[in-house]
Each structure stands twice: as structure tokens, then as C-alpha cells.
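What follows is one structure encoded as C-alpha cells, with my remarks underneath.
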Amino acid sequence: DAVDSLASEIRDAEAVVAFTGAGVSTASGIPDFRGEDGLWNRYDVDDFHVRRLRADPAGFWADRLDLAEELYADAGPNAAHEALARLEEAGHVEAVVTQNVDGLHHAAGSESVIELHGNGSRVACLDCGERFDAESVRERVRGGERPPTCDCGGLLKPDVVLFGEQLPEAAMLRAQSLAEGADVFLAVGSSLSVEPAAGLPRAAERRGATLAVVNLDETPLSDRAAYDLRADVTDVLPRLADAVLD
Ligand code: OAD
């Protein structure tokens, strides 16, 4: 079937790059944005804009605390993260480029992980750039420090990309070069609708990579994909890893 044929392309490939979105973490209990139970059905997108943090830092941090407690408490990696880590360990995946901020690829054992949208387990100072552990800052927010500030007096911000902000440049450059050098590009659990990250699968496909999309919903690249698997990532990725590593 399609999974076996994709597995044999992966086995023969020099460079396989995985590109992941929120759909790889829904089975870990973290909602996605645009799927059926997505966050945008419940939250106002403007609350995730850097303008909101600047205009109402105390309110922004109160919301983040609720969000962190609801979304990330106790989330651990699932079979999809684990399958990608197994493939990397066996030398069949060069890197995982992720739009997720949940750190679950690292938790599953992936080592070459490029985080395009930052990491929610850290907090950064908007003035001096100093980084802190997010849980320790949330503890301060719980204790009434709203908004939390740095020793230098600067405002603290979760170390994730908010709307209105640029992607971290080094991560984006590395991701671009990986995409352009890929023989097989696996886009999994992403609506492929948010720029500039969504440019990566397009760039890979333009350079001749075999594009495989694994996603429950159709994506703007589904038509162009050599493999368009409308299926659950926790079903397909373990089967794919088994077939590659067999
Ligand atoms: P989206 O919510 O846009 O897309 C997730 C996709 O995963 C949806 O198309 C779902 O159908 C699919 N999906 C959900 N669970 C799945 C499962 N178990 N198996 C297969 N597919 C599943 O999330 P992203 O594409 O990651 O940016 O969104 C990109 C960016 O939009 C996010 O990084 C975030 C948001 O704005 C920032 O916060 C900067």
C-alpha cells in the first residue's frame, strides 16, 4: 500500500526531513488550532498577538497561565513523536522541523529538532534577551507578579513566536536549507496554512523532493503531494517506521 511504498522511498533516500504541526500532539491531549476542536474555536487570535502583550501585559500573562495549565500540564509524547525519533535514531530522518512549542519531539528522543515557533518551556526578556524557565515564571505569576519582569526591568514574554513577530532567523535558515536538500519531505499534522513555515514544503517540492502529507484534513498542498494520506498520524507514522525499519 501507500505506506509501504513511501517506506521504500525513505529507505532509499539520502535526506528525509519531517515537518510537523499541532496535529502530531493532539493525541497527547494538546489541542491544535484549526482542526475540529482547535483553539481558534475558543480563543481570540488577537490574544496571541504581540500587540496584546504590549497593551495589556498583566491580562496577557493571566491568560497564558490558564492556557499553560489547561494545555500543557502532564502532556507527554505519543506514538507519532516516538516513530519520528526511531526513524532518526536509525539514520532515516535527518531532522524534524516543527511549528510546535510543546517540546514533545525532544521528549520522545529526537535530537535534531528545529523549532520554528520557539519553545513554551522558556520565557525571554523583551529587553535584554535573558531566558528563564517558564514554570518558575508561571509560579511568580501565580503568586501575583503581573506582569512578570526581568532583573533588568524588561517585560517577560513566553519564548514562542506570537502573531506580529518574526520567526527566529537561524532556525528558519536551517529549515530552508534542510527543505531544499530533502529527497523526501514528510509534512505531518499541519494544515500547511501558516506562512512563512508553509513555504518549506513548497520549496522542497519545487526542488524535486517527494512530498508526503499525512493529515486528517485536506491541505493546500494535498493535490501536489506524491503521497496524500488523510489519516491519523499516530496510526500512519508507527506503521511507516515499522515498514522502514523492518
Ligand atoms: P493547525 O491547527 O493549523 O493544523 C493542524 C492539522 O492537524 C489540522 O489540519 C488537523 O486536521 C490535523 N490533525 C489534528 N490531529 C491529527 C491527528 N491525530 N492526525 C492527523 N492529523 C491531525 O496547526 P499547525 O499547522 O501546526 O503558530 O498551525 C501552524 C501555526 O498556526 C502554529 O504553529 C501556530 C498557529 O498560529 C504560532 O503560534 C506562531
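The structure presented is a predicted model; accordingly, all values stated were derived computationally and were not measured. Start at 1 with the first residue, then count along the sequence.
Checked by atom type and distance alone, the side chain of Asp183 never pairs as donor or acceptor with a backbone atom of Ala209 at under 3.5 Å. In this structure, Asp44 contributes its side chain and Asp46 its backbone to a donor-acceptor pair below 3.5 Å. With hydrogens and angles disregarded, a donor-acceptor distance shorter than 3.5 Å links the side chain of Thr219 to the backbone of Leu221. At least one donor-acceptor pair under 3.5 Å links the side chain of Trp61 to the backbone N or O of Leu156. Side chain of Ser25 to main chain of Ala22: no donor-acceptor pair is present (N/O by atom type, distance under 3.5 Å, no hydrogens or angles). With hydrogens and angles ignored, the 3.5 Å screen pairs no side-chain donor or acceptor of Arg52 with any backbone N or O of Val45.
Checked against side chain to side chain contact (heavy atoms under 4.5 Å, CB included), Ala2 has the following partners two or more places apart in sequence or in another chain: Tyr227, Leu229. Applying the side chain to side chain contact (heavy atoms under 4.5 Å, CB included) criterion to Asp1, with sequence neighbours excluded, gives Val3, Asp4, Arg239. Arg142 meets the side chain to side chain contact (heavy atoms under 4.5 Å, CB included) test with Leu65, Glu69, Glu135, Arg138, Glu139; sequence neighbours excluded.
By the rule that hydrophobic residues join a cluster once side-chain heavy atoms approach within less than 4.5 Å of another member, Val113 and Leu200 end up as members of separate clusters. Put simply, Ile10 and Val233 are part of the same group of oily side chains (I, L, V, M, F, W, Y) that touch within less than 4.5 Å, one to the next. The hydrophobic clustering, which links ILVMFWY residues whose side-chain heavy atoms are closer than 4.5 Å, places Val213 and Phe185 together. Both Ile30 and Phe48 are part of a single hydrophobic cluster, where members link through side-chain heavy atoms under 4.5 Å apart. Note on Val101 and Val96: separate hydrophobic clusters, where clusters join Ile, Leu, Val, Met, Phe, Trp and Tyr whose side-chain heavy atoms are under 4.5 Å apart, directly or indirectly.
Atom CG of Asp246 sits about 7.0 Å away from atom CZ of Arg11, to the nearest 0.5 Å. In this structure, Ser177 OG and Met172 CE are separated by 11.5 Å, a value rounded to the nearest 0.5 Å. One distance of note links CG of Leu173 with CD1 of Ile114; it measures 11.5 Å at 0.5 Å rounding. Asp159 contributes atom CG, which lies 4.5 Å from atom CZ of Arg122 (distance to the nearest 0.5 angstrom). For the atom pair Lys157 NZ and Leu162 CG, the distance stands at 4.5 Å (nearest 0.5 Å). The distance from atom CG of Leu84 to atom OG of Ser112, rounded to the nearest 0.5 Å, is 11.5 Å.
Residues Asp217 and Ser191 are not in side-chain contact: their nearest non-hydrogen atoms beyond the backbone lie 4.5 Å or more apart. Between Leu178 and Phe19 there is no side-chain heavy-atom pair separated by less than 4.5 Å. Using a 4.5 Å cut-off on side-chain heavy atoms (C-beta onward), Leu53 and Leu126 make contact. The shortest distance between side-chain heavy atoms of Val16 and His92 does not fall below 4.5 Å. Looking at His105 and Glu88, their side chains never come closer than 4.5 Å, going by heavy atoms from C-beta outward. Side-chain contact between Pro168 and Val161 is present, with heavy atoms from C-beta onward closer than 4.5 Å. No side-chain heavy atom of Leu155 sits less than 4.5 Å from a side-chain heavy atom of Phe60. Here the side chains of Glu218 and Asp228 are not in contact, with every heavy-atom distance at 4.5 Å or above.
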Leu104 and Val24: CA distance, side-chain angles, deciding distance, side chain to side chain contact (heavy atoms under 4.5 Å, CB included) verdict: CA-CA 9 Å; Leu104 293 182; Val24 298; over 6 Å; no

Apply the test side chain to side chain contact (heavy atoms under 4.5 Å, CB included) to residues Arg146 and Val141: give CA-CA distance (whole Å), side-chain angles for both, the deciding distance (0.1 Å), then the verdict. CA-CA 6 Å; Arg146 296 187 186 183; Val141 176; 3.5 Å; yes

Intermediate values then yes/no, side chain to side chain contact (heavy atoms under 4.5 Å, CB included), Leu240 and Leu186: CA-CA 11 Å; Leu240 185 65; Leu186 286 176; 4.3 Å; yes

Criterion side chain to side chain contact (heavy atoms under 4.5 Å, CB included) on Arg131 and Asn119, from CA distance to verdict: CA-CA 11 Å; Arg131 286 179 163 77; Asn119 189 310; over 6 Å; no

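Heavy atoms only, all atoms of each residue included: Thr20 and Asn100 are closest at OG1-ND2, 4.1 Å. Contact detail for Ser28 and Ala75: the closest heavy-atom pair is O-CB, 3.8 Å. Nearest approach of Pro31 to Thr26, heavy atoms of both residues: C-CG2, 4.3 Å. The minimum heavy-atom distance linking Gln99 with Gly21 is given by the pair NE2-CA, 3.8 Å. The two atoms that bring Asp133 and Ser121 nearest to each other are OD1-O, 3.7 Å, heavy atoms only. In this structure, Ala134 and Val123 approach most closely via the heavy-atom pair CA-CG2, 3.7 Å.
Remark: Asp37 does not engage Arg42 in a salt bridge, criterion side-chain N to carboxylate O under 4.0 Å.
Between Ser5 and Ser8, the side chains place no donor N or O within less than 3.5 Å of an acceptor N or O (distance only, hydrogens not considered). Side-chain contact of Asn78 with Thr234: a donor-acceptor pair under 3.5 Å is absent, judged by distance alone.
Relative orientation of the Phe33 and Trp40 rings is tilted, given thresholds of 30° and 60° on the angle between their planes.
No more than 12 heavy-atom neighbours from other residues, nucleotides or ligands sit within 6.0 angstrom of CZ on Arg54. Heavy-atom neighbours of Glu111 CD from other residues, nucleotides or ligands within 6.0 Å: at or below the threshold of 12. For CD of Glu36, the number of neighbouring non-hydrogen atoms (other residues, nucleotides, ligands) closer than 6.0 Å is 12 at most.
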